[in-house]
Each structure stands twice: as C-alpha cells, then as structure tokens.
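Just so we're clear, the structure is a prediction, and the values are computed from it rather than from any experiment. Numbers here are sequence positions counted from 1.
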Amino acid sequence: MTLAGIVARVRSAPVGAILELGSVLVCCLLFAGTFLLLSSGVPTGRGDAWLTLVGVGVAFVLFWTVIVPLYERTL
C-alpha cells in the first residue's frame with residue numbers, strides 16, 4: 001500500500017483513524033509503563049503508579065467494550 005492510499009483511507013474515516021492510532025499509542029504506553037514499573041520492583045506504600053496504570057487500562061477497555069459499541073448502535 002502506498003502512502004497516498006493510506007492518506008486516502010485516513011481522510012475517508014478521520015474519526016476511526018484517530019481512534020485506532022490513539023489505541024496503538026495507549027497500548028504502547030501501557031506496555032512501557034508496565035515494563036518500567038516491573039523493573040522498579042515491588043510497590044511500596046500505596047502504589048500510586050500501579051493504580052494509575054491499572055486505571056488507564058480499565059478506562060481503555062471500557063471505552064472499546066462499552067462506549068464504542070453503543071456509539072455504533074446509534075449510527
């Protein structure tokens with residue numbers, strides 16, 4: 001696929017492209033965050049960084065399993 005073909009597909013569905021690219025970015029950030037937190041050792045105290053990471057993951061999953069299907073049903 002050429003670059004012009006990719007640009008044409010993105011222009012035909014800009015919201016979908018933003019959602020997909022955003023999802024890839026969130027997945028990469030969750031992976032990197034998990035790797036960094038695991039390399040720093042066992043959480044001490046409240047573990048705020050771990051709670052933040054889990055919260056972002058939960059929000060991401062809820063977005064794709066609840067909000068996106070509800071939006072698609074209204075189309």
Side-chain angles (χ1 to χ4, degrees):
M1 179 177 289
T2 64
L3 183 59
I6 294 171
V7 170
R9 282 187 156 184
V10 169
R11 287 188 180 181
S12 68
V15 174
I18 290 171
L19 286 174
E20 294 294 330
L21 292 174
S23 293
V24 170
L25 178 66
V26 168
C27 287
C28 291
L29 291 174
L30 284 171
F31 176 76
T34 302
F35 181 75
L36 288 172
L37 288 174
L38 284 174
S39 66
S40 68
V42 178
T44 58
R46 289 181 39 183
D48 290 337
W50 281 103
L51 289 174
T52 302
L53 186 76
V54 169
V56 170
V58 166
F60 180 72
V61 168
L62 286 176
F63 176 76
W64 280 109
T65 58
V66 175
I67 296 173
V68 170
L70 285 175
Y71 174 76
E72 288 177 350
R73 287 184 184 181
T74 62
L75 292 180

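Applying the side chain to side chain donor-acceptor pair (under 3.5 Å) test to every pair with at least one member in residues 11-40, sequence neighbours left out, gives these pairs: S23-W64.
Of the options I67, V66, T74, V68, a side chain to side chain contact (heavy atoms under 4.5 Å, CB included) to L70 is made by V66 and by none of the others.
Under a hydrophobic-cluster definition in which Ile, Leu, Val, Met, Phe, Trp and Tyr are linked whenever side-chain heavy atoms come within less than 4.5 Å, directly or via other members, L36 and V54 are assigned to different clusters. Residues V56 and L38 are members of one and the same hydrophobic cluster, defined by side-chain heavy-atom contacts under 4.5 angstrom among Ile, Leu, Val, Met, Phe, Trp and Tyr. One hydrophobic cluster holds both V15 and F60 under the rule that ILVMFWY side chains link at heavy-atom gaps under 4.5 Å.
Residue F63 qualifies as enclosed at atom CZ: its count of foreign heavy atoms under 6.0 Å is above 12.
Taking the side chain as every heavy atom from C-beta outward, L30 and L53 approach each other to under 4.5 Å.
In the hydrophobic clustering, L29 connects to L25, either directly or through intervening members, whenever side-chain heavy atoms lie under 4.5 Å apart.
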